[in-house]
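What follows is one structure encoded as structure tokens, with my remarks underneath.
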Amino acid sequence: MKRIASLDMLRGYALVCIMLDHMPISVMRQVTLTNFVVFDAAELFVLLSGFLVGLVWVKVEAREGLEAAQKRFWRRSYQVWRALILGAIALALLSKLLFMLDLNHTAVWFEYSNMIVDNPLGYIATVALMWMQPNLLDVLALYVLLIATAPLTVPVMLRWPVAFFIASIGLWMVAEPLNALIPNQRPGPGLLFNPFGWQLLFFCGVGMGAFRKEIMARLKPWSFWVSALAWGVTIFSMAIVLSWKVGAIGKPLHDLLYILHGPIDKWSLDGMRLLGVLGASWLVAVPLARPFDWMANTVLGRALAEIGRGGLWAFIACVLLSIFGDALDMTVPKDASYSMPLRLAIDIWVIATLWAMSASWLRREELKGWWERVQASQR
């Protein structure tokens, strides 16, 4: 399947933002997506993941049949679940090692480092059963649930799309009481990322990937008005965030906008956040398509695309690097004249390392062949 460079770039950008957003005193955290619009990298990650599911599903089903597509995504759900478990183990072990080295960090809950030593089997079992979702990995736990439903839900969506999305919207509207029924380790009701709410965004992405030609054909005659609406939603989204960030000078506008949008809940996927990411996705796909294609062909764009193509490996790497980067940040004296440049250097280092790890993963067969040739030459 031909890769979409701008899509891979956006996936990589989402992973970089997720990594920086979980480094509490990162310098570049102040310029990630969440600082400018009402949604953040989590919505971008879930929407793009859904888009890829739809894109791949229709191609596999057309070429190999429905059963082959279902098997492929059953297998994929297992791979994501396995990555959740292995990532949780690596997260806890890294946290423990950092504490042993007197490198404090707050990006991840300190109790995981104790659990993995005091009761390793219990820790692994609670993660495997999804009774516990370690923070930083909780969006991956959500993805496990969403991708595991795909073999059953996607065929229904493809056959009866209108009825499916009516049901999906209905489920989203009662997401909070349903989520409260899920038994869970955390003190709050249900899972942190409410699967009954976030499923709507995921399936919007699946629908975009599966029906992208049909959707564009229907909307093309109305593209001017759809773009105007998308710009309006995006500007409104930006005004909500920026009026709050500028402080007292923006408070009157922020209070006025609050009357219109009300409380915005990330964890059950508030309607404002949903509209924000959908509006931005139209802008990227249509009026801003050429600029994004150009960016995807720059050096930075290609590097981000390689991160995006790194898949689960890149996601786990970004989680571990956020913990390590946070620990490095906390070694920098707060009041020193060099504190900001040094923390900026740490940010650049973790991004470069994430790229290097992703690029190495993509070239693992080439690297394996190179290593075998080196060993053969030394015999």
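Along the sequence shown, residues carry numbers from 1.
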Could you walk me through whether Met295 and Leu304 pass the side-chain contact (heavy atoms from CB on, under 4.5 Å) check? CA-CA 10 Å; Met295 284 190 286; Leu304 288 172; over 6 Å; no
Check: Trp172/Gln199 side-chain N/O donor and acceptor closer than 3.5 Å: no
Under the 3.5 angstrom rule, does the side chain of Arg343 hit a backbone N or O of Ile25 as a donor-acceptor pair? yes
Compare every heavy atom of Ala83 with every heavy atom of Leu312, then report the nearest pair and how far apart it is. CD1-CB, 3.9 Å
How many angstroms lie between CG in Leu48 and CG in Leu201, if you round to the nearest 0.5 Å? 9.5 Å
Backbone N or O of Ala175 within a donor-acceptor pair of the Asn194 side chain at under 3.5 Å? yes
If you measure from the Lys or Arg side-chain nitrogens to the Asp or Glu carboxylate oxygens, is any gap between Asp40 and Lys266 under 4.0 Å? yes
Could you check whether any side-chain heavy atom of Ser6 comes within less than 4.5 Å of a side-chain heavy atom of Ile4, counting everything from C-beta outward? yes
Which heavy atom in Ser339 sits nearest to a heavy atom in Val332, and how many Å separate them? CA-CG1, 3.5 Å
Do Ile348 and Ile351 belong to the same hydrophobic cluster, where Ile, Leu, Val, Met, Phe, Trp and Tyr are linked whenever their side-chain heavy atoms lie under 4.5 Å apart, directly or via other members? yes
Would Arg218 and Phe211 count as a side-chain contact (heavy atoms from CB on, under 4.5 Å) if you check the C-alpha gap in whole Å, the side-chain angles of each, and the deciding distance to 0.1 Å? CA-CA 11 Å; Arg218 291 288 184 91; Phe211 299 117; over 6 Å; no
Going from CZ on Phe196 to CG on Leu145, what distance comes out if it is rounded to the nearest 0.5 angstrom? 8.5 Å
On the 0 to 90° scale, with breaks at 30° and 60°, tag the Tyr258-His261 ring pair as parallel, tilted or perpendicular. perpendicular
Do Tyr143 and Pro195 come close enough that some side-chain heavy atom pair is under 4.5 Å? no
Membership question, hydrophobic clusters at under 4.5 Å side-chain separation (ILVMFWY): are Ile147 and Trp74 in the same one? no
Quick check: do Arg76 and Val80 have side-chain heavy atoms less than 4.5 Å from each other? yes
Test: Glu67 and Lys71 ion pair at under 4.0 Å: yes
Exactly one candidate in Leu47, Leu55, Val53, Leu52 meets side-chain contact (heavy atoms from CB on, under 4.5 Å) with Val206; the answer is Val53
Under the salt bridge (Lys or Arg N to Asp or Glu O under 4.0 Å) rule, collect the residues that match up with Arg212, sequence neighbours excluded. none
ring-ring contact (aromatic ring centres under 6.0 Å, His included) contacts in which one or both residues fall within residues 223-242, not counting sequence neighbours: none
Is Phe36 close to Ser237 at the side-chain level, that is, under 4.5 Å between some pair of heavy atoms? no
Would you say that Ser281 contacts Phe51 through its side chain, given a criterion of any heavy-atom pair below 4.5 Å between the two side chains? no
Could you tell me whether a side-chain N or O of Ser95 sits under 3.5 Å from a main-chain N or O of Leu91, the two making a donor and an acceptor? no
Treating Asn35 as the side-chain partner and Arg29 as the backbone partner, does any N or O pair qualify as donor plus acceptor under 3.5 Å? yes
Hey, any chance Leu256 and Val233 share a hydrophobic cluster, counting ILVMFWY side chains that come within less than 4.5 Å of each other, even indirectly? no
NZ of Lys245: more than 12 outside heavy atoms within 6.0 angstrom? yes
CE of Met19 to CD1 of Ile323, rounded to nearest 0.5 Å, is 12.0 Å
For Cys17 and Leu33, which heavy atoms make the closest approach, and how far apart are they? SG-N, 3.8 Å
Within the distance-only criterion (no hydrogens, no angle test), does the side chain of Tyr112 pair as donor or acceptor with the backbone N or O of Asn135 below 3.5 angstrom? yes
Using a 4.5 Å cut-off on heavy atoms from C-beta on, say whether the side chain of Leu192 contacts that of Leu142. no
How long is the span from the CZ atom in Phe73 to the OG1 atom in Thr153, to the nearest 0.5 Å? 10.5 Å
Decide ring-ring contact (aromatic ring centres under 6.0 Å, His included) for Phe164 and Phe203; before the verdict, give the C-alpha distance in whole Å, the side-chain angles of both, and the deciding distance to 0.1 Å. CA-CA 9 Å; Phe164 181 90; Phe203 287 118; 5.1 Å; yes
Interatomic distance, CD1@Ile116 vs CG@Leu94, rounded to 0.5 Å, equals 12.0 Å
His254 and Ser243 side chains, donor-acceptor separation under 3.5 Å: yes
Do His105 and Phe99 have their ring centres less than 6.0 Å from each other? yes
Same apolar cluster: Ile346 and Met330, side chain cutoff 4.5 Å: no
Strictly distance-based, threshold 3.5 Å: is any side-chain N or O of Arg363 a donor or acceptor partner for the main-chain N or O of Ala359? yes
Judged by atom type as modelled, is there a donor-acceptor pair below 3.5 Å linking the side chain of Asn179 to the main-chain atoms of Leu191? yes
For Ser358 and Trp313, test the side chains for any donor-to-acceptor distance below 3.5 angstrom and give the result as yes or no. no
Hydrophobic clusters here meaning ILVMFWY residues chained together by side-chain heavy-atom distances under 4.5 Å, can you tell me if Leu44 and Val31 are in one? yes
Please say whether more than 12 non-hydrogen atoms of neighbouring residues, nucleotides or ligands are located less than 6.0 Å from CH2 in Trp244. no
Taking atom CG as the centre, does Leu181 end up with more than 12 heavy-atom neighbours from other residues, nucleotides or ligands that are less than 6.0 angstrom away? yes
More than 12 heavy atoms of other residues, nucleotides or ligands under 6.0 Å from CH2 of Trp349: yes or no? yes
Taking Ala107's backbone N and O only, do any of them form a donor-acceptor pair with Asp326's side chain (distance below 3.5 Å, no angle check)? yes
Side-chain touch Phe39/Met272, heavy atoms, less than 4.5 angstrom: no
Which heavy atom of Pro333 sits nearest to which heavy atom of Tyr338, and what is that distance? CG-OH, 3.6 Å
Start with the C-alpha gap between Phe315 and Leu140, add the side-chain angles, then the distance that decides, and say whether side-chain contact (heavy atoms from CB on, under 4.5 Å) holds. CA-CA 9 Å; Phe315 185 91; Leu140 192 59; 3.8 Å; yes
Under the ring pair (Phe, Tyr, Trp, His ring centres under 6.0 Å) rule, collect the residues that match up with Trp267, sequence neighbours excluded. Phe193
In Å, rounded to the nearest 0.5 Å, how long is the span from OG1 of Thr353 to CG of Leu320? 12.0 Å
Do Asp21 side-chain atoms and Ile18 backbone N/O form a donor-acceptor pair below 3.5 Å? no
Around atom CE of Met216, are there more than 12 heavy atoms of other residues, nucleotides or ligands at under 6.0 Å? yes
Using a 6.0 Å cut-off, check whether atom CH2 of Trp282 has over 12 heavy atoms from anything other than its own residue. yes
Any side-chain to backbone donor/acceptor pair from Gln70 onto Pro151? Under 3.5 Å, distance only. yes
Grab the two heavy atoms, one from Ser322 and one from Met23, that are nearest each other, plus how far apart they are. O-CG, 3.3 Å
Of the non-hydrogen atoms in Ala314 and Leu15, which two are nearest, and what is the gap between them? CB-CD1, 3.8 Å
Between Arg302 and Trp355, is there a side-chain heavy-atom distance shorter than 4.5 Å? no
